[in-house]
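These notes concern the structure reproduced below.
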2 protein chains.
Amino acid sequence: MLTSIPITEMSPRCSTCAMGQLCLPVGMSQQDLTKMDTLVQERIRVHKGETLYRMGDPLTAVYAVRFGTLKTHVTTEDGRSQITGFHLPGEIVGLDGLGEMQHASDATALEDTEVCVVRLGDLQTLSADLPSLQHQFLRLMGKEITHDQMMLVTLGSMRAEERLAAFLINLSERLSARGYSSTEFVMRMSREEIGSYLGLKLETVSRLFSRFAEAGLIQIRQRHVKLVDLAGIKQLYSRSC
Amino acid sequence: MLTSIPITEMSPRCSTCAMGQLCLPVGMSQQDLTKMDTLVQERIRVHKGETLYRMGDPLTAVYAVRFGTLKTHVTTEDGRSQITGFHLPGEIVGLDGLGEMQHASDATALEDTEVCVVRLGDLQTLSADLPSLQHQFLRLMGKEITHDQMMLVTLGSMRAEERLAAFLINLSERLSARGYSSTEFVMRMSREEIGSYLGLKLETVSRLFSRFAEAGLIQIRQRHVKLVDLAGIKQLYSRSC
DNA sequence: CGTGAGCTTGATAAATATCAACTAGCGTGG
DNA sequence: CCACGCTAGTTGATATTTATCAAGCTCACG
(Lines give C-alpha, C1' and ligand atoms only; values in the text may rest on other atoms or scores of the structure.)
Protein backbone atom coordinates (compact mmCIF):
# COMPACT_ATOMS: atom_id res chain seq x y z
CA MET A 1 0.00 0.00 0.00
CA LEU A 2 3.03 2.30 0.25
CA THR A 3 3.06 4.80 -2.55
CA SER A 4 6.37 5.52 -4.21
CA ILE A 5 6.81 8.98 -5.66
CA PRO A 6 9.60 9.26 -8.21
CA ILE A 7 11.62 12.46 -8.15
CA THR A 8 11.43 14.57 -11.27
CA GLU A 9 13.27 17.66 -12.42
CA MET A 10 10.55 19.68 -10.83
CA SER A 11 10.49 17.99 -7.45
CA PRO A 12 11.79 19.85 -4.45
CA ARG A 13 15.36 18.92 -3.55
CA CYS A 14 17.49 18.92 -0.43
CA SER A 15 18.97 22.26 -1.42
CA THR A 16 15.57 23.91 -1.41
CA CYS A 17 13.78 21.82 1.22
CA ALA A 18 12.19 23.73 4.07
CA MET A 19 13.46 21.11 6.50
CA GLY A 20 17.06 21.78 5.52
CA GLN A 21 17.93 23.36 8.81
CA LEU A 22 16.76 20.32 10.76
CA CYS A 23 17.58 17.42 8.48
CA LEU A 24 20.68 15.89 6.93
CA PRO A 25 21.94 19.12 5.34
CA VAL A 26 22.39 20.95 8.65
CA GLY A 27 25.43 23.15 8.49
CA MET A 28 26.49 22.23 4.98
CA SER A 29 28.01 24.72 2.58
CA GLN A 30 26.05 25.78 -0.50
CA GLN A 31 28.41 23.71 -2.59
CA ASP A 32 27.92 20.56 -0.53
CA LEU A 33 24.19 21.18 -0.56
CA THR A 34 24.12 21.02 -4.33
CA LYS A 35 25.81 17.64 -4.23
CA MET A 36 23.16 16.48 -1.78
CA ASP A 37 20.50 16.96 -4.41
CA THR A 38 21.44 13.70 -6.07
CA LEU A 39 21.03 11.73 -2.85
CA VAL A 40 17.27 11.33 -2.71
CA GLN A 41 15.88 9.60 -5.79
CA GLU A 42 12.57 8.57 -4.37
CA ARG A 43 9.97 9.46 -1.82
CA ILE A 44 7.40 7.27 -0.16
CA ARG A 45 3.92 8.18 0.95
CA VAL A 46 2.90 6.28 4.08
CA HIS A 47 -0.76 6.53 4.87
CA LYS A 48 -2.01 6.76 8.42
CA GLY A 49 -1.65 3.39 10.08
CA GLU A 50 0.64 1.97 7.41
CA THR A 51 4.09 0.66 8.22
CA LEU A 52 7.21 1.91 6.44
CA TYR A 53 9.44 -0.94 7.58
CA ARG A 54 9.39 -3.71 10.12
CA MET A 55 11.84 -5.18 12.58
CA GLY A 56 14.07 -7.66 10.85
CA ASP A 57 13.62 -6.21 7.37
CA PRO A 58 16.97 -5.89 5.61
CA LEU A 59 18.20 -2.34 5.85
CA THR A 60 18.46 -0.84 2.37
CA ALA A 61 17.78 2.77 3.20
CA VAL A 62 17.11 5.23 5.97
CA TYR A 63 14.29 7.74 5.73
CA ALA A 64 13.91 11.44 6.34
CA VAL A 65 10.42 12.50 7.37
CA ARG A 66 9.21 15.18 4.94
CA PHE A 67 5.81 15.76 6.42
CA GLY A 68 3.61 13.84 8.84
CA THR A 69 4.53 11.87 11.94
CA LEU A 70 5.95 8.39 12.43
CA LYS A 71 6.25 6.27 15.51
CA THR A 72 9.00 3.69 15.90
CA HIS A 73 8.29 0.74 18.15
CA VAL A 74 9.97 -2.49 19.15
CA THR A 75 8.39 -5.79 20.10
CA THR A 76 10.14 -8.46 22.12
CA GLU A 77 9.82 -12.21 21.57
CA ASP A 78 7.45 -12.43 24.51
CA GLY A 79 5.11 -9.90 22.95
CA ARG A 80 6.03 -6.83 24.93
CA SER A 81 5.84 -3.72 22.84
CA GLN A 82 7.23 -0.28 23.42
CA ILE A 83 7.22 2.90 21.41
CA THR A 84 10.79 4.16 21.19
CA GLY A 85 10.17 7.44 19.41
CA PHE A 86 7.84 9.85 17.67
CA HIS A 87 9.39 11.37 14.57
CA LEU A 88 8.60 14.77 13.13
CA PRO A 89 9.55 16.29 9.78
CA GLY A 90 13.29 16.68 9.36
CA GLU A 91 14.09 13.69 11.54
CA ILE A 92 15.73 10.53 10.25
CA VAL A 93 14.40 7.06 11.01
CA GLY A 94 16.06 3.70 10.44
CA LEU A 95 19.43 4.47 11.98
CA ASP A 96 18.89 1.91 14.70
CA GLY A 97 19.31 -0.83 12.09
CA LEU A 98 22.78 0.20 10.97
CA GLY A 99 24.39 -2.17 13.44
CA GLU A 100 23.10 -5.40 12.02
CA MET A 101 22.03 -3.97 8.68
CA GLN A 102 18.48 -4.89 9.45
CA HIS A 103 15.75 -2.79 11.00
CA ALA A 104 15.60 -2.93 14.77
CA SER A 105 12.11 -1.44 15.06
CA ASP A 106 8.86 -0.96 13.18
CA ALA A 107 8.01 2.46 11.78
CA THR A 108 4.32 3.28 11.49
CA ALA A 109 2.60 6.47 10.33
CA LEU A 110 0.43 8.30 12.87
CA GLU A 111 -0.98 10.45 10.09
CA ASP A 112 -0.47 10.60 6.34
CA THR A 113 3.26 10.99 6.00
CA GLU A 114 5.87 11.35 3.30
CA VAL A 115 9.51 10.33 3.65
CA CYS A 116 12.60 10.87 1.53
CA VAL A 117 14.38 7.60 0.78
CA VAL A 118 18.10 7.75 1.47
CA ARG A 119 19.55 4.58 -0.06
CA LEU A 120 22.55 3.30 1.82
CA GLY A 121 24.43 2.56 -1.36
CA ASP A 122 24.02 6.10 -2.66
CA LEU A 123 24.84 7.37 0.78
CA GLN A 124 28.15 5.52 0.85
CA THR A 125 29.07 6.66 -2.62
CA LEU A 126 28.27 10.26 -1.88
CA SER A 127 29.94 10.16 1.53
CA ALA A 128 33.27 9.36 -0.05
CA ASP A 129 33.04 12.68 -1.87
CA LEU A 130 31.37 14.59 0.94
CA PRO A 131 33.03 14.28 4.34
CA SER A 132 30.44 16.58 5.90
CA LEU A 133 27.78 14.00 5.07
CA GLN A 134 29.68 11.24 6.78
CA HIS A 135 30.18 13.40 9.82
CA GLN A 136 26.54 14.33 9.79
CA PHE A 137 25.66 10.69 9.94
CA LEU A 138 27.76 10.00 12.98
CA ARG A 139 26.16 13.02 14.58
CA LEU A 140 22.69 11.68 13.92
CA MET A 141 23.54 8.26 15.35
CA GLY A 142 25.02 9.99 18.36
CA LYS A 143 21.84 12.00 18.77
CA GLU A 144 19.83 8.80 18.65
CA ILE A 145 21.94 7.35 21.45
CA THR A 146 21.69 10.43 23.62
CA HIS A 147 17.93 10.58 23.03
CA ASP A 148 17.59 6.98 24.15
CA GLN A 149 19.71 7.70 27.20
CA MET A 150 17.53 10.66 28.09
CA MET A 151 14.54 8.36 27.85
CA LEU A 152 16.31 5.88 30.13
CA VAL A 153 16.61 8.59 32.76
CA THR A 154 12.96 9.49 32.22
CA LEU A 155 11.72 5.92 32.57
CA GLY A 156 14.17 5.01 35.28
CA SER A 157 13.87 7.93 37.63
CA MET A 158 10.86 10.12 36.90
CA ARG A 159 7.38 9.80 38.27
CA ALA A 160 4.39 9.70 35.95
CA GLU A 161 3.63 13.39 36.28
CA GLU A 162 7.23 14.34 35.54
CA ARG A 163 7.38 12.08 32.53
CA LEU A 164 4.28 13.55 30.97
CA ALA A 165 5.44 17.10 31.64
CA ALA A 166 8.80 16.34 30.03
CA PHE A 167 6.98 14.80 27.08
CA LEU A 168 4.83 17.88 26.53
CA ILE A 169 7.77 20.26 26.74
CA ASN A 170 9.85 18.14 24.39
CA LEU A 171 7.05 17.98 21.85
CA SER A 172 6.45 21.69 22.19
CA GLU A 173 10.09 22.52 21.54
CA ARG A 174 10.35 20.25 18.54
CA LEU A 175 7.17 21.61 16.99
CA SER A 176 8.36 25.13 17.65
CA ALA A 177 11.64 24.40 15.85
CA ARG A 178 9.49 23.46 12.85
CA GLY A 179 7.60 26.71 12.81
CA TYR A 180 4.51 25.54 14.65
CA SER A 181 3.17 27.10 17.80
CA SER A 182 5.01 25.98 20.90
CA THR A 183 1.93 26.39 23.04
CA GLU A 184 -0.95 25.02 21.02
CA PHE A 185 -0.85 21.90 18.90
CA VAL A 186 -2.44 18.60 18.01
CA MET A 187 -0.86 15.45 19.38
CA ARG A 188 -0.94 12.85 16.64
CA MET A 189 -0.68 9.95 19.10
CA SER A 190 -3.30 8.28 21.26
CA ARG A 191 -3.24 8.18 25.05
CA GLU A 192 -2.17 4.58 24.77
CA GLU A 193 0.75 5.47 22.51
CA ILE A 194 1.87 8.23 24.84
CA GLY A 195 1.61 5.71 27.66
CA SER A 196 3.68 3.15 25.81
CA TYR A 197 6.37 5.72 25.11
CA LEU A 198 6.45 6.86 28.74
CA GLY A 199 6.04 3.47 30.39
CA LEU A 200 2.56 4.28 31.71
CA LYS A 201 -0.95 2.98 31.22
CA LEU A 202 -3.37 4.97 29.12
CA GLU A 203 -5.63 5.65 32.09
CA THR A 204 -2.75 7.21 33.96
CA VAL A 205 -1.97 9.46 31.01
CA SER A 206 -5.61 10.49 30.77
CA ARG A 207 -5.86 11.26 34.47
CA LEU A 208 -2.69 13.32 34.36
CA PHE A 209 -3.94 15.41 31.46
CA SER A 210 -7.09 16.07 33.46
CA ARG A 211 -5.04 16.95 36.50
CA PHE A 212 -2.80 19.31 34.54
CA ALA A 213 -5.89 20.98 33.10
CA GLU A 214 -7.47 21.33 36.52
CA ALA A 215 -4.27 22.92 37.81
CA GLY A 216 -4.48 25.47 35.02
CA LEU A 217 -1.29 24.28 33.37
CA ILE A 218 -2.88 23.19 30.11
CA GLN A 219 -6.16 23.14 28.26
CA ILE A 220 -6.97 19.90 26.56
CA ARG A 221 -9.72 18.58 24.33
CA GLN A 222 -8.97 15.19 22.87
CA ARG A 223 -5.65 15.50 21.12
CA HIS A 224 -5.69 19.23 20.87
CA VAL A 225 -3.63 20.70 23.66
CA LYS A 226 -2.77 24.23 24.71
CA LEU A 227 0.11 24.78 27.10
CA VAL A 228 -1.09 27.62 29.29
CA ASP A 229 1.71 27.74 31.83
CA LEU A 230 4.96 26.55 30.26
CA ALA A 231 7.04 27.51 33.27
CA GLY A 232 4.69 25.64 35.57
CA ILE A 233 4.90 22.52 33.44
CA LYS A 234 8.68 22.68 33.42
CA GLN A 235 8.73 22.98 37.18
CA LEU A 236 6.94 19.67 37.37
CA TYR A 237 10.05 17.83 36.29
CA SER A 238 13.01 20.10 36.77
CA ARG A 239 12.82 20.43 40.51
CA SER A 240 15.83 19.01 42.19
CA CYS A 241 14.42 16.02 44.06
CA MET B 1 45.27 9.53 39.14
CA LEU B 2 44.74 7.58 35.94
CA THR B 3 47.80 5.58 35.05
CA SER B 4 48.89 5.60 31.44
CA ILE B 5 50.68 2.53 30.20
CA PRO B 6 52.70 3.05 27.03
CA ILE B 7 52.70 0.22 24.53
CA THR B 8 56.06 -1.38 23.87
CA GLU B 9 57.26 -3.96 21.40
CA MET B 10 56.48 -6.59 23.97
CA SER B 11 52.97 -5.46 24.85
CA PRO B 12 50.06 -7.54 23.74
CA ARG B 13 48.40 -6.24 20.56
CA CYS B 14 44.98 -6.47 18.99
CA SER B 15 46.12 -9.36 16.84
CA THR B 16 46.95 -11.46 19.88
CA CYS B 17 44.44 -10.13 22.39
CA ALA B 18 42.22 -12.68 24.05
CA MET B 19 39.26 -10.31 23.64
CA GLY B 20 39.66 -10.29 19.87
CA GLN B 21 36.49 -12.24 19.28
CA LEU B 22 34.40 -9.76 21.26
CA CYS B 23 36.10 -6.45 20.59
CA LEU B 24 36.79 -4.26 17.59
CA PRO B 25 38.57 -6.97 15.56
CA VAL B 26 35.51 -9.24 15.34
CA GLY B 27 35.39 -10.92 11.99
CA MET B 28 38.51 -9.31 10.55
CA SER B 29 40.89 -11.14 8.27
CA GLN B 30 44.38 -11.96 9.51
CA GLN B 31 45.71 -9.25 7.23
CA ASP B 32 43.38 -6.59 8.57
CA LEU B 33 44.17 -7.71 12.08
CA THR B 34 47.84 -6.96 11.58
CA LYS B 35 46.97 -3.42 10.54
CA MET B 36 44.91 -3.07 13.69
CA ASP B 37 48.04 -3.50 15.78
CA THR B 38 49.07 0.09 15.13
CA LEU B 39 45.73 1.43 16.38
CA VAL B 40 46.22 1.27 20.12
CA GLN B 41 49.25 3.26 21.25
CA GLU B 42 48.34 3.57 24.89
CA ARG B 43 46.46 1.90 27.67
CA ILE B 44 45.01 3.41 30.79
CA ARG B 45 44.68 1.85 34.21
CA VAL B 46 41.56 3.05 36.01
CA HIS B 47 41.51 2.12 39.66
CA LYS B 48 38.32 1.16 41.42
CA GLY B 49 36.16 4.24 41.90
CA GLU B 50 38.15 6.41 39.48
CA THR B 51 36.56 8.05 36.49
CA LEU B 52 37.89 7.57 32.96
CA TYR B 53 35.97 10.48 31.45
CA ARG B 54 33.13 12.78 32.38
CA MET B 55 30.09 14.16 30.63
CA GLY B 56 31.03 17.19 28.59
CA ASP B 57 34.70 16.26 28.24
CA PRO B 58 35.83 16.71 24.64
CA LEU B 59 35.86 13.37 22.89
CA THR B 60 39.40 12.52 21.82
CA ALA B 61 39.21 8.76 22.00
CA VAL B 62 36.97 5.81 22.70
CA TYR B 63 38.07 3.00 24.97
CA ALA B 64 38.04 -0.78 24.81
CA VAL B 65 37.82 -2.49 28.19
CA ARG B 66 40.76 -4.88 28.51
CA PHE B 67 40.02 -6.17 31.98
CA GLY B 68 37.83 -5.00 34.82
CA THR B 69 34.37 -3.44 34.75
CA LEU B 70 33.15 0.08 34.05
CA LYS B 71 29.81 1.70 34.61
CA THR B 72 28.57 4.56 32.44
CA HIS B 73 26.12 6.97 33.99
CA VAL B 74 24.41 10.20 33.05
CA THR B 75 23.31 13.04 35.28
CA THR B 76 20.66 15.58 34.31
CA GLU B 77 20.73 19.28 35.17
CA ASP B 78 18.26 18.72 37.97
CA GLY B 79 20.52 16.17 39.61
CA ARG B 80 18.88 12.98 38.50
CA SER B 81 21.38 10.23 37.87
CA GLN B 82 21.04 6.97 36.03
CA ILE B 83 23.43 4.18 35.19
CA THR B 84 23.16 3.48 31.48
CA GLY B 85 25.46 0.50 31.23
CA PHE B 86 27.91 -1.91 32.80
CA HIS B 87 30.83 -2.68 30.54
CA LEU B 88 32.83 -5.89 30.51
CA PRO B 89 36.14 -6.70 28.80
CA GLY B 90 35.92 -6.46 25.02
CA GLU B 91 33.24 -3.78 25.10
CA ILE B 92 33.78 -0.23 23.84
CA VAL B 93 32.82 2.83 25.83
CA GLY B 94 32.62 6.41 24.69
CA LEU B 95 30.58 5.91 21.54
CA ASP B 96 27.70 7.92 22.93
CA GLY B 97 29.80 11.04 22.55
CA LEU B 98 30.37 10.70 18.81
CA GLY B 99 27.34 12.84 18.05
CA GLU B 100 28.53 16.05 19.61
CA MET B 101 32.18 15.06 19.87
CA GLN B 102 31.95 15.32 23.61
CA HIS B 103 31.24 12.65 26.16
CA ALA B 104 27.56 12.14 26.94
CA SER B 105 28.14 10.15 30.13
CA ASP B 106 30.63 9.53 32.92
CA ALA B 107 32.61 6.29 32.96
CA THR B 108 33.68 4.99 36.35
CA ALA B 109 35.55 1.82 37.29
CA LEU B 110 33.72 -0.70 39.48
CA GLU B 111 36.98 -2.55 40.06
CA ASP B 112 40.56 -2.01 38.92
CA THR B 113 40.25 -1.81 35.18
CA GLU B 114 42.45 -1.36 32.14
CA VAL B 115 41.31 0.10 28.84
CA CYS B 116 42.90 0.37 25.41
CA VAL B 117 42.84 3.95 24.13
CA VAL B 118 41.51 4.22 20.58
CA ARG B 119 42.30 7.77 19.46
CA LEU B 120 39.74 9.14 17.06
CA GLY B 121 42.41 10.64 14.84
CA ASP B 122 44.21 7.34 14.45
CA LEU B 123 40.90 5.66 13.98
CA GLN B 124 39.96 7.91 11.09
CA THR B 125 43.32 7.50 9.45
CA LEU B 126 43.23 3.75 9.74
CA SER B 127 39.58 3.53 8.69
CA ALA B 128 40.40 5.04 5.33
CA ASP B 129 42.67 2.07 4.70
CA LEU B 130 40.50 -0.50 6.44
CA PRO B 131 36.84 -0.50 5.45
CA SER B 132 36.12 -3.36 7.82
CA LEU B 133 37.05 -1.09 10.71
CA GLN B 134 34.65 1.59 9.60
CA HIS B 135 31.90 -0.94 9.23
CA GLN B 136 32.74 -2.36 12.62
CA PHE B 137 32.25 1.07 14.10
CA LEU B 138 28.81 1.52 12.67
CA ARG B 139 27.99 -1.93 13.99
CA LEU B 140 29.07 -0.97 17.48
CA MET B 141 27.05 2.25 17.46
CA GLY B 142 24.09 0.27 16.21
CA LYS B 143 24.56 -2.20 19.03
CA GLU B 144 24.60 0.66 21.50
CA ILE B 145 21.29 1.90 20.13
CA THR B 146 19.65 -1.52 20.23
CA HIS B 147 20.94 -2.07 23.76
CA ASP B 148 19.42 1.20 24.87
CA GLN B 149 16.16 0.30 23.17
CA MET B 150 16.12 -3.03 24.95
CA MET B 151 16.56 -1.16 28.20
CA LEU B 152 13.68 1.12 27.26
CA VAL B 153 11.45 -1.93 26.94
CA THR B 154 12.77 -3.22 30.25
CA LEU B 155 12.18 0.03 32.11
CA GLY B 156 8.96 0.82 30.30
CA SER B 157 7.11 -2.44 30.49
CA MET B 158 8.68 -4.89 32.93
CA ARG B 159 7.93 -5.27 36.58
CA ALA B 160 10.72 -5.22 39.14
CA GLU B 161 11.03 -8.99 39.29
CA GLU B 162 11.21 -9.28 35.52
CA ARG B 163 13.82 -6.56 35.27
CA LEU B 164 16.11 -8.21 37.76
CA ALA B 165 15.71 -11.61 36.15
CA ALA B 166 16.56 -10.11 32.76
CA PHE B 167 19.56 -8.40 34.30
CA LEU B 168 20.90 -11.64 35.79
CA ILE B 169 20.47 -13.55 32.55
CA ASN B 170 22.09 -10.81 30.51
CA LEU B 171 25.07 -10.64 32.85
CA SER B 172 25.33 -14.40 32.86
CA GLU B 173 25.42 -14.58 29.07
CA ARG B 174 27.99 -11.85 28.72
CA LEU B 175 30.26 -13.40 31.33
CA SER B 176 29.84 -16.76 29.69
CA ALA B 177 30.92 -15.29 26.34
CA ARG B 178 34.12 -14.19 28.11
CA GLY B 179 34.92 -17.64 29.37
CA TYR B 180 33.54 -17.24 32.87
CA SER B 181 30.92 -19.47 34.38
CA SER B 182 27.43 -18.59 33.29
CA THR B 183 25.97 -19.80 36.56
CA GLU B 184 28.28 -18.56 39.26
CA PHE B 185 29.91 -15.16 39.36
CA VAL B 186 30.63 -12.02 41.33
CA MET B 187 28.58 -8.93 40.57
CA ARG B 188 30.92 -5.97 40.63
CA MET B 189 28.10 -3.50 41.28
CA SER B 190 26.27 -2.61 44.48
CA ARG B 191 22.55 -3.09 45.05
CA GLU B 192 22.15 0.62 44.58
CA GLU B 193 23.92 0.54 41.23
CA ILE B 194 21.80 -2.35 40.05
CA GLY B 195 18.78 -0.39 41.18
CA SER B 196 19.85 2.70 39.32
CA TYR B 197 20.38 0.69 36.15
CA LEU B 198 16.99 -1.00 36.47
CA GLY B 199 15.00 1.98 37.70
CA LEU B 200 14.47 0.46 41.16
CA LYS B 201 15.43 1.31 44.72
CA LEU B 202 18.19 -0.66 46.37
CA GLU B 203 15.79 -2.14 48.93
CA THR B 204 13.65 -3.52 46.14
CA VAL B 205 16.67 -5.14 44.53
CA SER B 206 17.71 -6.64 47.85
CA ARG B 207 14.26 -8.02 48.55
CA LEU B 208 14.05 -9.55 45.10
CA PHE B 209 17.39 -11.30 45.49
CA SER B 210 16.13 -12.73 48.76
CA ARG B 211 12.90 -13.78 47.13
CA PHE B 212 14.69 -15.44 44.21
CA ALA B 213 16.87 -17.29 46.69
CA GLU B 214 13.89 -18.41 48.72
CA ALA B 215 12.26 -19.71 45.55
CA GLY B 216 15.36 -21.76 44.87
CA LEU B 217 16.21 -19.88 41.70
CA ILE B 218 19.53 -18.53 42.91
CA GLN B 219 21.94 -18.68 45.80
CA ILE B 220 23.30 -15.35 46.87
CA ARG B 221 25.80 -14.12 49.41
CA GLN B 222 26.60 -10.44 49.05
CA ARG B 223 27.76 -9.97 45.48
CA HIS B 224 28.53 -13.59 44.86
CA VAL B 225 25.62 -15.17 43.03
CA LYS B 226 24.91 -18.66 41.77
CA LEU B 227 22.14 -19.15 39.25
CA VAL B 228 20.60 -22.46 40.29
CA ASP B 229 17.62 -22.57 37.95
CA LEU B 230 18.40 -20.68 34.76
CA ALA B 231 15.21 -21.80 33.07
CA GLY B 232 13.17 -20.69 36.03
CA ILE B 233 14.79 -17.28 36.03
CA LYS B 234 14.12 -16.87 32.32
CA GLN B 235 10.49 -17.78 32.85
CA LEU B 236 10.19 -14.84 35.18
CA TYR B 237 10.44 -12.42 32.30
CA SER B 238 9.70 -14.32 29.12
CA ARG B 239 6.16 -15.29 29.90
CA SER B 240 3.75 -13.83 27.47
CA CYS B 241 1.78 -11.39 29.60
C1' DC C 1 38.52 -7.17 66.78
C1' DG C 2 36.08 -2.77 66.10
C1' DT C 3 33.81 0.04 62.56
C1' DG C 4 31.25 1.53 58.86
C1' DA C 5 29.51 0.95 54.22
C1' DG C 6 26.62 -2.09 52.12
C1' DC C 7 22.94 -5.09 52.78
C1' DT C 8 18.67 -7.13 54.73
C1' DT C 9 14.17 -7.04 56.58
C1' DG C 10 9.85 -5.11 58.44
C1' DA C 11 6.06 -1.76 58.67
C1' DT C 12 3.79 1.63 56.30
C1' DA C 13 2.83 5.00 52.63
C1' DA C 14 2.50 6.44 48.01
C1' DA C 15 2.17 5.70 43.19
C1' DT C 16 0.35 3.35 39.51
C1' DA C 17 -2.22 -0.48 37.49
C1' DT C 18 -6.36 -2.85 36.97
C1' DC C 19 -11.14 -3.46 36.40
C1' DA C 20 -15.34 -1.42 35.28
C1' DA C 21 -18.73 1.71 33.75
C1' DC C 22 -19.75 5.37 31.19
C1' DT C 23 -19.21 9.26 27.48
C1' DA C 24 -17.71 11.78 23.39
C1' DG C 25 -16.77 12.22 18.97
C1' DC C 26 -15.46 10.33 14.51
C1' DG C 27 -16.23 7.82 10.45
C1' DT C 28 -19.16 5.08 7.74
C1' DG C 29 -22.84 3.38 5.35
C1' DG C 30 -27.69 3.62 4.51
C1' DC D 1 -26.97 14.04 5.56
C1' DC D 2 -28.05 11.76 9.56
C1' DA D 3 -27.96 7.97 12.65
C1' DC D 4 -25.48 4.23 14.25
C1' DG D 5 -21.75 1.97 15.95
C1' DC D 6 -17.23 1.86 17.37
C1' DT D 7 -12.91 3.53 19.06
C1' DA D 8 -10.72 6.60 22.07
C1' DG D 9 -11.03 8.83 26.15
C1' DT D 10 -12.61 9.81 30.98
C1' DT D 11 -13.50 8.82 35.66
C1' DG D 12 -14.23 6.03 39.85
C1' DA D 13 -13.26 2.15 43.04
C1' DT D 14 -10.01 -1.03 44.28
C1' DA D 15 -5.79 -3.87 44.05
C1' DT D 16 -1.01 -4.27 43.42
C1' DT D 17 3.47 -2.81 43.19
C1' DT D 18 7.16 -0.25 44.69
C1' DA D 19 9.03 3.44 47.54
C1' DT D 20 9.95 5.22 51.93
C1' DC D 21 11.27 5.17 56.59
C1' DA D 22 13.40 2.73 60.16
C1' DA D 23 16.06 -0.64 62.54
C1' DG D 24 19.31 -4.04 62.78
C1' DC D 25 22.84 -7.08 60.64
C1' DT D 26 27.36 -8.63 58.33
C1' DC D 27 31.36 -8.75 56.32
C1' DA D 28 35.54 -6.68 54.55
C1' DC D 29 39.06 -3.81 55.99
C1' DG D 30 41.92 -1.16 58.64
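No experiment lies behind these values; they were computed from the predicted model shown.
Here the range on DNA chain C touched by chain B, meaning any atom under 4.0 Å from one of its heavy atoms, is C/dG6 to C/dA11.
Not counting sequence neighbours, the partners of B/R45 by the salt bridge (charged side-chain N to carboxylate O under 4.0 Å, His left out) test are B/E114. Annotation: side-chain hydrogen bond (donor to acceptor under 3.5 Å, both in side chains) contacts of A/T3 (sequence neighbours excluded): none. Not counting sequence neighbours, the partners of B/I44 by the side-chain contact (heavy atoms from CB on, under 4.5 Å) test are B/L2, B/E42, B/V46, B/L52, B/Y63, B/V115, B/V117. Legend: residues meeting side-chain hydrogen bond (donor to acceptor under 3.5 Å, both in side chains) with B/N170, ordered by chain and number and at least two apart, are B/R174. Listed by chain and residue number, nothing satisfies the side-chain contact (heavy atoms from CB on, under 4.5 Å) test with A/Q222 (two or more places apart in sequence, or in another chain). Legend: residues meeting salt bridge (charged side-chain N to carboxylate O under 4.0 Å, His left out) with B/E193, ordered by chain and number and at least two apart, are B/K71.
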How far apart are the C-alpha atoms of A/H224 and A/E184, what are their side-chain angles, what is the distance that settles it, and do they pass the side-chain hydrogen bond (donor to acceptor under 3.5 Å, both in side chains) test? CA-CA 7 Å; A/H224 183 145; A/E184 195 166 359; 3.2 Å; yes
Please test B/D106 against B/T108 for side-chain hydrogen bond (donor to acceptor under 3.5 Å, both in side chains), starting from the C-alpha separation and ending with a verdict. CA-CA 6 Å; B/D106 296 1; B/T108 305; 5.6 Å; no
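Heavy atoms of A/R211 sit nowhere under 4.0 angstrom from any nucleic acid atom. Base contact: B/S206 has a heavy atom under 4.0 Å from a base atom.
Per the geometry, CE belonging to A/M189 stands 16 Å off C1' belonging to D/dG9, to the nearest Å. Following rounding to the nearest Å, A/I194 (CD1) and D/dA8 (C1') show an atom-to-atom distance of 12 Å. Here D/dG12 presents its C1' atom at 15 Å from CG of A/L202, a figure rounded to the nearest Å. Whole-Å rounding puts the B/M158 CE to D/dT18 C1' distance at 17 Å. D/dC6 atom P lies 19 Å from atom CD of A/E192, rounded to whole Å.
Of the candidates A/T154, A/L200, A/I194, A/F167 forms a side-chain contact (heavy atoms from CB on, under 4.5 Å) with just one, namely A/I194.
Here the straight-line distance linking atom NE2 of B/H103 with atom CG of B/L95 works out to 10.0 Å at 0.5 Å rounding.
With a 6.0 Å radius and a threshold of 12 heavy atoms from other residues, nucleotides or ligands, B/F185 has its CZ atom above the threshold.
Pairs of residues two or more places apart, or lying in two chains, that qualify as ring-ring contact (aromatic ring centres under 6.0 Å, His included) and include a residue from residues 68-87 of chain A are A/F86-A/Y197.
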N/O to N/O distances under 3.5 Å, protein versus nucleotides 19-21 of chain D:
{"unit_1": "D/dA19", "atom_1": "OP1", "unit_2": "B/K201", "atom_2": "N", "d": "3.4"}
{"unit_1": "D/dA19", "atom_1": "OP2", "unit_2": "B/K201", "atom_2": "N", "d": "3.4"}
{"unit_1": "D/dA19", "atom_1": "OP2", "unit_2": "B/T204", "atom_2": "OG1", "d": "2.3"}
{"unit_1": "D/dT20", "atom_1": "O4", "unit_2": "B/R207", "atom_2": "NH2", "d": "2.7"}
{"unit_1": "D/dC21", "atom_1": "N4", "unit_2": "B/E203", "atom_2": "OE2", "d": "3.4"}

For nucleotides 25-29 of chain D, give me every protein contact, N/O to N/O, under 3.5 Å, one pair per line with atom names.
none

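Note on A/R223: every side-chain N or O is 4.0 Å or more away from OP1 and OP2 of D/dA8.
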Which atom pairs, donor and acceptor, lie under 3.5 Å between side-chain atoms of residues 205-217 of chain A and protein residues at least two apart or in another chain?
{"unit_1": "A/S210", "atom_1": "OG", "unit_2": "A/S206", "atom_2": "O", "d": "3.2"}
{"unit_1": "A/R211", "atom_1": "NH1", "unit_2": "A/E161", "atom_2": "OE1", "d": "3.0"}

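Recorded end-axis angle for the helix from C/dC1-D/dG30 to C/dG30-D/dC1 stands at 40°, based on five pairs per end and rounded to 10 degrees.
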